[in-house]
Colleague: 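Would you mind keeping the following structure in view while I ask a few things?
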Amino acid sequence: MKKNYLFTRRQIILTGLSGIGGLLLPGCSKKLPPTYGNILRMGDVLTYVVHRTLLPGQSMAREYQHSDISSFPATGTTNPADETSKYYSEAWGKFHHGEFANWGLSIEGLVARPGSYSLATLQSFPNRTQITRHTCEEGWTAIAEWTGVPLGYVLQQAGIQPNARFVNCYAYDDYMESIDMLDAFHPQTILAYGMNGRNLPVQHGAPVRLRVEKQIGYKSVKYLKRIVVTDEFVDVGDTGWSWYNGI
Ligand SMILES: Nc1nc2c(c(=O)[nH]1)N[C@H]1C(S)=C(S)[C@@H](COP(=O)(O)O)O[C@H]1N2
Ligand SMILES: [Mo]
């Protein structure tokens, strides 16, 4: 394993963190997490603004020891090649069949160099290994070791533009989640291809999933297909889950 990658303060300041200021400006509703017209959801925005202005943005999620690693349930989609599933993906099935040699993660949007990153390319980048606790909104937690490349490193490679505010992550099972720049450049936010010292298993999102350790479990998108950097909040509809769920 190569040494863990850390961002310099300068790199972080130079990229999208300027977006946080914009979030607090009145009159740019497309820049704020949505309330879906629901008065209760106003709390989401309040939590977000309070977290992002009062709390240290880059505090680390707790990391554990090898002896803390637990069994780990697989939830949501656990096999995109299942033809009986509503979320069946023929394309993912073909990549899986070819051991993901032809798989590529597309990075698009507000980047100078949009393109596709193969598994081998992602694995050649500096990596980080972390043992963390996953918290699912359904009420369970589990601890595992994850290995991958920091998302921020890949966004830098792609030439992320200063007006970037959100990173939208699309999966082969039509799942989608977005995160802001503080989470995207958080040192523990990684594109994980390894779990507990092995390749990422199918049921946990092979070949590459997002790990967002500072957010609740549903932000950690499995079966990654496309990452789109944008300056506008993309409303993917009301799943009943709050957009911001920092832990
Ligand atoms: N593509 C995709 N990503 C996903 C999901 C999903 O159904 N599809 N479920 C989410 C939820 S709610 C949780 S708790 C975790 C579950 O990850 P696991 O199956 O590795 O436990 O993945 C998240 N990422
Ligand atoms: Mo979850």
Side-chain angles (χ1 to χ4, degrees), residues 33 44 61-64 68-96 100 103-108 117 119 122 128-148 151 154 166-180 183-184 186 188-228 234 236-247:
D44 290 4
R62 179 172 167 194
E63 295 197 14
Y64 294 80
D68 298 319
I69 291 173
S70 69
S71 66
F72 208 109
T75 56
T77 304
T78 53
N79 179 14
D82 175 3
E83 289 181 39
T84 64
S85 162
K86 176 173 158 194
Y87 302 112
Y88 168 64
S89 166
E90 190 184 351
W92 184 91
K94 284 184 179 154
F95 291 132
H96 181 221
F100 300 112
W103 174 92
L105 176 63
S106 173
I107 313 254
E108 308 162 24
Y117 290 75
L119 186 55
L122 293 175
R128 188 176 207 289
T129 292
Q130 59 204 27
I131 301 174
T132 52
R133 182 189 295 275
H134 178 98
T135 302
C136 171
E137 78 295 344
E138 286 171 356
W140 54 270
T141 74
I143 295 175
E145 182 195 71
W146 306 98
T147 299
L151 173 61
V154 180
F166 298 102
V167 177
N168 298 343
C169 302
Y170 297 85
Y172 277 98
D173 61 345
D174 284 342
Y175 192 94
M176 184 273 192
E177 275 291 343
S178 70
I179 56 174
D180 70 7
D183 279 329
H186 189 282
Q188 292 167 313
T189 298
I190 61 173
L191 297 173
Y193 45 76
M195 181 184 185
N196 297 333
R198 296 161 170 238
N199 290 340
L200 185 64
V202 164
Q203 70 269 30
H204 294 296
V208 177
R209 79 177 298 167
L210 192 64
R211 288 296 311 164
V212 189
E213 305 298 356
K214 295 288 291 180
Q215 294 281 332
I216 202 161
Y218 54 72
K219 290 287 182 183
S220 288
V221 179
K222 309 195 284 186
Y223 315 110
L224 282 174
K225 177 185 192 178
R226 234 156 48 93
I227 287 184
V228 182
V234 175
V236 286
D238 187 358
T239 57
W241 295 345
S242 56
W243 177 80
Y244 182 81
N245 217 322
I247 47 178

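When a ligand or atom number is given, it counts from 1 through the structure's own listing order.
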Colleague: Using a strict cut-off of 4.0 Å, indicate which atoms of ligand 1 neighbour a heavy atom of Pro73.
Modeller: 18 (P), 21 (O)
Colleague: Under 4.0 Å from a heavy atom of Gln203: which atoms of ligand 1 are those, numbered in the order shown and with their elements?
Modeller: 19 (O)
Colleague: Please tell me if the side chains of Lys214 and Thr189 come closer than 4.5 Å, counting only heavy atoms from C-beta onward.
Modeller: no
Colleague: Please work out whether any backbone atom (N, CA, C, O) or any side-chain heavy atom from C-beta onward of Ala74 is under 4.0 Å from ligand 1, and answer side chain, backbone, both or neither.
Modeller: both
Colleague: If you take the centroid of each ring, where Trp contributes its six-membered ring, are His96 and Trp103 closer together than 6.0 Å?
Modeller: no
Colleague: So, applying side-chain contact (heavy atoms from CB on, under 4.5 Å) with Ile227, which one of Leu151, Asn168, Leu210, Val154 is it?
Modeller: Leu151
Colleague: Who gets closest to atom 8 (N) of ligand 1 by heavy atom: Thr77, Asp173, Leu200?
Modeller: Asp173
Colleague: Any idea which atoms of ligand 1 are less than 4.0 Å away from a heavy-atom of Val221?
Modeller: 3 (N), 24 (N)
Colleague: Can you confirm whether Trp146 sits close enough to Met195 that some side-chain heavy atom of one is under 4.5 Å from a side-chain heavy atom of the other?
Modeller: yes
Colleague: I'd like to know whether ligand 1 has Trp92 as a neighbour, heavy-atom separation below 4.0 Å.
Modeller: no
Colleague: How far is atom 5 (C) of ligand 1 from its nearest protein heavy atom, and which residue and atom is that?
Modeller: Tyr175 CE1, 3.4 Å
Colleague: State, yes or no, whether a side-chain contact exists between Thr147 and Tyr193 at a heavy-atom distance under 4.5 Å.
Modeller: yes
Colleague: Looking only at side chains, do Glu108 and Ser106 share a donor and an acceptor under 3.5 Å apart?
Modeller: yes
Colleague: Would you call the rings of Trp140 and His134 parallel, tilted or perpendicular, where under 30° means parallel and over 60° means perpendicular?
Modeller: parallel
Colleague: In ligand 1, which numbered atoms sit nearer than 4.0 Å to a non-hydrogen atom of Gly217?
Modeller: 13 (C), 15 (C), 23 (C)
Colleague: Considering only non-hydrogen protein atoms, determine which one is nearest to atom 11 (C) of ligand 1 and report residue, atom name and distance to 0.1 Å.
Modeller: Tyr218 CA, 3.8 Å
Colleague: Identify, for atom 14 (S) of ligand 1, the protein heavy atom at the shortest distance, and state residue, atom and that distance.
Modeller: His134 NE2, 3.1 Å
Colleague: Below 4.0 angstrom, N of the basic side chain to O of the carboxylate: do Arg128 and Glu63 qualify?
Modeller: yes
Colleague: Would you say Tyr64 has more than 12 foreign heavy atoms packed within less than 6.0 Å of its OH?
Modeller: yes
Colleague: Just heavy atoms, cut-off under 4.0 Å: does Tyr170 contact ligand 1 by side chain, backbone, both, or neither?
Modeller: neither
Colleague: At less than 4.0 angstrom from any non-hydrogen atom of Phe72, what atoms of ligand 1 do you find?
Modeller: 20 (O), 21 (O)
Colleague: Just go through Lys222, Lys225, His204, Arg211 and tell me whose heavy atom is the nearest to atom 19 (O) of ligand 1.
Modeller: Lys222
Colleague: Under 4.0 Å from a heavy atom of Ala171: give me the atoms of ligand 1 that qualify, with their elements.
Modeller: 1 (N)
Colleague: Check for me whether Lys219 has a heavy atom closer than 4.0 Å to any atom of ligand 1.
Modeller: no
Colleague: For Trp92 and Tyr175, I'd like to know if the aromatic rings sit close, meaning centre-to-centre distance below 6.0 Å.
Modeller: no
Colleague: If you count the atoms of ligand 1 from 1 in the order shown, which ones are under 4.0 Å from a heavy atom of Ser220?
Modeller: 22 (O), 23 (C), 24 (N)
Colleague: Just so I know, are the side chains of Val208 and Leu200 near enough to count as touching, which here means a heavy-atom distance under 4.5 Å?
Modeller: no
Colleague: Distance-only, no hydrogens or angles: does the Tyr223 side chain make a donor-acceptor pair with backbone N or O of Thr78 under 3.5 Å?
Modeller: yes
Colleague: Where is the nearest protein heavy atom to atom 16 (C) of ligand 1: which residue, which atom, and how far?
Modeller: Thr75 OG1, 3.2 Å
Colleague: Would you mind running through ligand 1 and noting each atom that sits below 4.0 Å from a heavy atom of Gly76?
Modeller: 7 (O)
Colleague: Is it the side chain (CB and beyond), the backbone, both or neither of Arg209 that lies under 4.0 Å from ligand 1, heavy atoms counted?
Modeller: side chain
